[in-house]
Amino acid sequence: MSSILLVTSSPRGSESLSNAIATELAEKFAASAGAKLVRRDLVETQLDHVDGTFTAAIRKPADDRTAEESQAVALSDKLVEELMAADTIVIGTGLINFNIYSSLKSWIDHVARAGLTFTYTENGPVGLAKGKKAYLVLAAGGIYSSGPGAPMNHAEPYLKTVLGFLGIELVETVYVEGVAYGPEAAEKAVAAAHAKVAELALAA
Ligand SMILES: Cc1cc2nc3c(=O)[nH]c(=O)nc-3n(C[C@H](O)[C@H](O)[C@H](O)COP(=O)(O)O)c2cc1C
């Protein structure tokens, strides 16, 4: 059975646009493919910032780790397992100070692991999370998909770079943007996102 991993990061619960649209997309994919849906809510799962114990632990084989180091990477190991087991990954985030929610940044810090999700070779780094497709759902007060705001969009280029580094080259983005420009603009943005979700679900 194929597997879909849904990663949500907004702390705004039912008010969150990225949570809502990313969940809708992942549920549609799961329903049409009869796939297993694994949900990783990064507000429910609070990840520690990378610290000295973590960085020491990921640089040595599991058998050489202290008990404290083993504990520091246990959740990271689980998150890597979830990522590697998925065929499709749906990631939701708001555009936060021109980038992503810090909870999602922490998830990336926990899944980008040398030897597990990427490896260094003579020819440079190679991603090990190959053959997967990722969908990004980005909610933003302003407009960043095109126009004058695009150069300030560090969320989509960053996520595409890091996913590509891990070997995930196929990435599609759904924007829910311009939601701060009044209720009418917000309604239009949500309707456009629903339409995009329906289109992607049909194409999948
Ligand atoms: C701390 C903070 C920083 C934000 N920074 C930006 C920003 O840089 N650009 C923008 O257009 N909107 C910004 N917003 C608005 C969010 O992108 C918008 O509310 C979006 O809907 C958040 O995603 P969510 O609904 O999934 O939580 C910010 C909101 C917060 C709370």
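Read the numbers this way: they start at 1 and go in the same order the structure lists the ligands and their atoms. Predicted, not measured: the structure shown is a model, and the values here were computed from it.
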Quick check for you: to the nearest 0.5 Å, what is the distance between I91 atom CD1 and I168 atom CD1?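 Answer rounded to 0.5 Å: 7.0 Å.
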Backbone of G52 reached by a side-chain donor or acceptor of T55 within 3.5 Å: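 Answer holds: yes.
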D87 side-chain N/O to S3 backbone N/O, donor-acceptor pair under 3.5 Å: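 Confirmed, D87 side chain pairs with S3 backbone.
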Going by the ring-ring contact (aromatic ring centres under 6.0 Å, His included) test, which pairs reach into residues 70-124, not counting sequence neighbours?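 As it turns out, the ring-ring contact (aromatic ring centres under 6.0 Å, His included) pairs with a partner in residues 70-124, which skip direct neighbours, are F54-H110, F118-Y120, F118-F165.
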Quick one: list whatever passes side-chain contact (heavy atoms from CB on, under 4.5 Å) with D64, sequence neighbours left out.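 Only K60, P61 meet the side-chain contact (heavy atoms from CB on, under 4.5 Å) criterion with D64.
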side-chain contact (heavy atoms from CB on, under 4.5 Å) with E68: which residues, sequence neighbours excluded?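 Only T53, T66 meet the side-chain contact (heavy atoms from CB on, under 4.5 Å) criterion with E68.
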Can you pull the residues with any heavy atom under 4.0 Å from ligand 1?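 Close residues (ligand 1, cut-off 4.0 Å): S10, R12, S16, L17, S18, G94, L95, I96, N97, F98, Y101, A139, A140, G141, G142, Y144.
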